> 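Let me begin by handing over the structure; questions about it come next.
Just so it is clear, the model here is predicted, and its values are computed rather than measured. If you read the sequence from its start, that first residue is 1, and numbering goes on from there. The figures that follow rest on heavy atoms only: side chains count, while hydrogens, waters and symmetry mates do not.
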Amino acid sequence: ESRSIEEKDVPLPVPGGYGGERMPNPAEINAGAIVYANRYENKGAALHYTRRMLIDSMYFPREQYSGLRTVFSKITAADQEQVVLRKAAK
């Protein structure tokens with residue numbers, strides 16, 4: 001069996017005069033063989049996005065497919081959360 005780890009660490013520049021109004025809550029999903037987490041942080045002139053997904057096995061029994069679809073649907077929903085920027089008051 002094989003293990004897969006995917007990690008992303010991405011700075012997201014914020015245009016001058018704007019700030020993060022709403023950022024998604026951190027997401028954490030632990031489904032045993034699949035562990036996922038993401039987080040947005042406000043770091044001055046940039047937002048910082050981190051994402052980590054560990055898949056501990058590449059082979060799953062057929063009877064687990066429905067549960068896997070549910071887990072990956074939750075991961076997809078977390079990945080599609082949006083950051084809302086607002087122009088700062090002068």
> What salt bridge (Lys or Arg N to Asp or Glu O under 4.0 Å) pairs are there with at least one residue in residues 58-76, not counting sequence neighbours?
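Every pair satisfying salt bridge (Lys or Arg N to Asp or Glu O under 4.0 Å) with a residue in residues 58-76: there are none.
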> Quick one: do Ile75 and Ile34 satisfy side chain to side chain contact (heavy atoms under 4.5 Å, CB included)? Show the steps, please.
CA-CA 10 Å; Ile75 290 170; Ile34 301 171; 4.1 Å; yes
> For Arg52, enumerate each residue passing the side chain to side chain donor-acceptor pair (under 3.5 Å) test, keeping only those at least two apart in sequence or located in another chain.
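Partners of Arg52 under the side chain to side chain donor-acceptor pair (under 3.5 Å) test: Glu7.
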> Please collect all salt bridge (Lys or Arg N to Asp or Glu O under 4.0 Å) contacts where either partner lies in residues 9-32, sequence neighbours excluded, each pair once.
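Listed once each, the pairs are Glu21-Arg86.
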> Is there a path from Met58 to Tyr65 through hydrophobic residues (I, L, V, M, F, W, Y) whose side chains come within less than 4.5 Å of each other?
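Yes, Met58 connects to Tyr65 through the hydrophobic network.
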> Is it true that atom CZ of Phe60 has more than 12 heavy atoms of other residues, nucleotides or ligands lying nearer than 6.0 Å?
yes
> Over all heavy atoms of both residues, which pair between Lys87 and Tyr18 is shortest? Give the atoms and the distance, please.
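Taking every non-hydrogen atom into account, N-CD2, 3.5 Å.
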> Any side-chain to backbone donor/acceptor pair from Asn38 onto Ala27? Under 3.5 Å, distance only.
yes
> Are side-chain heavy atoms of Arg3 and Leu54 found at a separation under 4.5 Å?
yes
> Between Leu85 and Pro15, what is the shortest heavy-atom contact and its length?
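Scanning both residues, the minimum pair turns out to be CD1-CD, 4.1 Å.
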> Examine Tyr36 and Val71 and state if one hydrophobic cluster contains both, with Ile, Leu, Val, Met, Phe, Trp and Tyr joined whenever side-chain heavy atoms are less than 4.5 Å apart.
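Cluster IDs for Tyr36 and Val71 match.
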> If hydrophobic clusters are built by linking Ile, Leu, Val, Met, Phe, Trp and Tyr wherever their side-chain heavy atoms come under 4.5 Å apart, do Val84 and Tyr49 end up in the same one?
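In one cluster with Val84: Tyr49, no.
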> What about Val14 and Tyr40, same hydrophobic cluster or not, with Ile/Leu/Val/Met/Phe/Trp/Tyr joined at side-chain heavy-atom distances under 4.5 Å?
yes
> If two hydrophobic side chains count as joined below 4.5 Å and joins carry through other members, does Val10 share a cluster with Met23?
yes
> Given side chains that start at C-beta, do those of Val83 and Leu12 come closer than 4.5 Å, heavy atoms only?
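In short, these two side chains do not touch, never coming nearer than 4.5 Å.
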> What's the spacing between His48 NE2 and Lys43 NZ if we round to 0.5 Å?
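Answer for the NE2-NZ pair, His48 versus Lys43, is 5.0 Å.
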